[in-house]
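As structure tokens, the structure follows; a few thoughts come after it.
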Amino acid sequence: MASGDRRDNPPAAGEIKNGVASGDTIQKQLPQPHPALAPPIQSQRLRLNPNKDHKPESYEDLQLDYSPSIFSSLERYLPPTMLGMNRDEKAKFMREILLKYLPNGERSRSHRHREYRQKIISNYQPLHRELYSMHPAAFFVPSFLKAISGNTEQSFRSVISEPSPGVFTFEMLQPHFCELMVTEVENFENWVNETKIRIMRPNTMNKYGAVLDDFGLETMLDRLMEGFIRPLAKVFFAEVGGSTLDSHHGFVVEYGKDRDVDLGFHVDDSEVTLNVCLGKQFSGGELFFRGMRCEKHVNTGSQSEEIFDYCHVPGRAVLHRGRHRHGARATTSGHRINLLLWCRSSVFREMKKYQKDFSSWCGECSRAKKERQRVSIVAAKSELLKIEGGLLKSEGESAT
């Protein structure tokens, strides 16, 4: 879920703010090249399409603000003039781009967050170590694995339904995995309470829950995004950087008695969001969707075809664009816990600065474009009728 203004009731329209994660990125010192050798960052722009023939360098041995795999992925999009530069220069350029997309306030929190995460990983003893590396056969249901293995839109749609435009649902997680993850989170929370460490919550809207990356699950979640979510996003969300997802913010949220009750109307700080219910027993808590919007149109009203409610089922996933406006109704009884993965594309966020048309996914942009086309067609028909009328008149005068 994301940060935004809380609402007691889901409005058709209203003020919404972009989601803000509570410090899911660590800032570390990066070796700086000599100023005379630094590339002219302000004058350089990323390529629109990757250089598939270029072999990226490894950044595993550098201390970076983001996962080293992000830098290797982004390197294919560097301007041709930069590909031959040394690794530190390329890393500095990419770092400048990536830092622009740290959510507001995150830079000031990064230092204490780094200490916080290091302290946790150094001292926390996992309950289920098998969760900390990817084991597809143990984590996912066979139908999902088969669809991913097929790696085609046809194989994906054989297990995925789209009950509302842009909202995809499918069976994903094994019951045993859900149980293990729930007890791992509970074990982590108990450890935190015993050691008196203050948990950094997933975002500014949820008062309960935990950031999974903070206690060692970052690598597993990276594999989840790269091997299982990015193939789906490449097919269903290509227009918002689905094929270039390169970082994530993974967390759990909890609802029920003595937990969060509901979640206000908002958008996520992601290009693509995965939301999977882990359990337990509960009633209520439906997700409500109200259409996709770009930043310009985020406060516009919803059309009837954009209104959709979804009921959570343990192990079943929902996949949608981060800009798909949504919220969660009250969990009226029991305890609900969900795993969320905000998947982001640094390439898309950089390229979006140069985009003006979002009609391929923004409902309001699409309606405005169709209206312009309708007006243009009406005007063209009217002009044709005038021309035809003038020709008929001329023929009539000639006949007399």
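Since we're looking at a predicted model, the values are computed, not measured.
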*With under 30° as parallel and over 60° as perpendicular, where do the rings of F177 and F139 fit, or are they tilted in between?*
tilted
*For side-chain contact (heavy atoms from CB on, under 4.5 Å), just list the numbers for L78 and K90, CA-CA rounded to whole Å, side-chain angles, deciding distance to a tenth of an Å, and then say yes or no.*
CA-CA 8 Å; L78 290 179; K90 289 184 288 189; 3.7 Å; yes
*asked:* Looking at every heavy atom in both A317 and L274, which two are closest together, and how far apart are they?
replied: CB-CD1, 3.8 Å
*Same cluster for I197 and L217 if Ile/Leu/Val/Met/Phe/Trp/Tyr side chains link at under 4.5 Å?*
yes
*asked:* Quick check: do P126 and E184 have side-chain heavy atoms less than 4.5 Å from each other?
replied: yes
*asked:* Are L127 and F215 connected into the same hydrophobic cluster when the rule is that any two of I, L, V, M, F, W, Y join if their side-chain heavy atoms are below 4.5 Å apart?
replied: no
*Hey, quick one: are I121 and V252 part of the same hydrophobic cluster, counting side-chain heavy atoms closer than 4.5 Å, chains of contacts allowed?*
no
_For C294 versus C365, what's the shortest heavy-atom pair and its separation?_
SG-SG, 3.7 Å
_Walk me through whether N187 and Y124 qualify under side-chain contact (heavy atoms from CB on, under 4.5 Å)._
CA-CA 10 Å; N187 184 66; Y124 174 65; 2.8 Å; yes
_Is there a ring-ring contact (aromatic ring centres under 6.0 Å, His included) between F144 and F170? Walk through the geometry before answering._
CA-CA 8 Å; F144 177 71; F170 49 96; 5.5 Å; yes
*Is the Y310 ring parallel, tilted or perpendicular to the F308 ring (thresholds 30°, 60°)?*
tilted
_For the backbone of N190 and the side chain of E186, can you confirm whether one donor and one acceptor N or O come within less than 3.5 Å of each other?_
no
_What's the separation between atom CD1 in I229 and atom NZ in K234, rounded to the nearest 0.5 Å?_
15.0 Å
_I'd like to know if the side chain of S345 and the backbone of F348 have a donor-acceptor N/O pair within less than 3.5 Å._
yes
*Measure from the side-chain N and O atoms of H249 to the backbone N and O of D213, and report whether any donor-acceptor pair falls under 3.5 Å.*
no
*What heavy-atom pair brings R293 and C362 nearest, and what distance separates the two atoms?*
CA-SG, 3.8 Å
*Verify, without hydrogens or angle tests, whether N338 (side chain) and V253 (backbone) share a donor-acceptor contact under 3.5 angstrom.*
no
_Ion pair check, R325 and E364, cut-off under 4.0 Å_ = no
*asked:* Using 0.5 Å steps for rounding, measure from the OG atom of S376 to the NZ atom of K381.
replied: 11.5 Å
*Would you say the side chain of D268 lies within less than 4.5 Å of the side chain of H266, judging by non-hydrogen atoms?*
yes
*Evaluate the side-chain proximity of E239 to R321: yes if any heavy-atom separation is below 4.5 Å, no if none is.*
yes
*About how many Å separate NE2 of H320 and OG of S270, when rounded to the nearest 0.5 Å?*
7.0 Å
*Give the minimum heavy-atom separation between S155 and A147, together with the two atoms involved.*
OG-O, 2.9 Å
*Check whether more than 12 heavy atoms from other residues, nucleotides or ligands sit under 6.0 Å from atom CD of E371, and answer yes or no.*
yes
*asked:* As an exercise, state the distance from OG1 of T332 to CZ of F282, rounded to the nearest 0.5 Å.
replied: 10.0 Å
*Hey, any chance Y208 and W191 share a hydrophobic cluster, counting ILVMFWY side chains that come within less than 4.5 Å of each other, even indirectly?*
no
_So R290 and I307, do their side chains get closer than 4.5 Å, heavy atoms only?_
yes
*Within a strict 4.5 Å, meaning less than it, do heavy atoms of the D88 and K92 side chains meet?*
no
*Between D269 and R344, is there a side-chain N and carboxylate O pair less than 4.0 Å apart?*
yes
*Tell me, yes or no, whether the heavy-atom count around Q281 atom CD, taken from other residues, nucleotides or ligands under 6.0 Å, exceeds 12.*
no
_If hydrophobic clusters are built from ILVMFWY residues whose side chains come within less than 4.5 Å, do L83 and F71 share one?_
yes
*Are the charged groups of R76 and D53 less than 4.0 angstrom apart, N to O?*
no
*Count the heavy atoms of every other residue, nucleotide or ligand shown that sit under 6.0 Å from NE2 of H128, and state whether that count exceeds 12.*
yes
*Exercise: identify the closest heavy-atom pair between P231 and G227*: CG-O, 3.5 Å
*Considering non-hydrogen atoms only, spot the tightest contact between S346 and I70 and give its length.*
OG-CG2, 4.4 Å
*Side-chain contact test, heavy atoms from C-beta onward, threshold under 4.5 Å: evaluate it for S133 versus M220 and give yes or no.*
no
*asked:* Show, in sequence, the C-alpha distance, side-chain angles and deciding distance for N275 and T273, and conclude whether the side chain to side chain donor-acceptor pair (under 3.5 Å) test is met.
replied: CA-CA 6 Å; N275 185 342; T273 293; over 6 Å; no
_Nearest 0.5 angstrom please: H176 NE2 to E130 CD, how far?_
6.5 Å
*Backbone N or O of E179 within a donor-acceptor pair of the T183 side chain at under 3.5 Å?*
yes
*asked:* Quick one, L221 with L212, criterion side-chain contact (heavy atoms from CB on, under 4.5 Å). Give me CA distance, side-chain angles, the key distance, then yes/no.
replied: CA-CA 9 Å; L221 294 176; L212 299 176; 3.8 Å; yes
*K352 bridged to E271 by N-O distance under 4.0 Å*: no
*Would you say R47 and V347 make side-chain contact, with heavy atoms under 4.5 Å?*
no
*Would you check if the side chain of R259 reaches a backbone N or O of G209 as a donor-acceptor pair within less than 3.5 Å?*
no
_Would you say that R323 contacts V240 through its side chain, given a criterion of any heavy-atom pair below 4.5 Å between the two side chains?_
no
*Distance flag, aromatic centroids of F140 and F228, threshold under 6.0 Å*: yes
*Salt-bridge criterion met for D214 and R117 (N-O under 4.0 Å)*: yes
_side chain to side chain donor-acceptor pair (under 3.5 Å) assessment of Y59 paired with E75_ = CA-CA 10 Å; Y59 294 83; E75 186 177 320; 2.6 Å; yes
*Go through the steps for F168 and R157 under the test side-chain contact (heavy atoms from CB on, under 4.5 Å), then give the verdict.*
CA-CA 10 Å; F168 298 89; R157 289 194 179 275; 4.2 Å; yes
*Please round to the nearest 0.5 Å and tell me the distance separating atom OG of S366 and atom CE of M292.*
9.0 Å
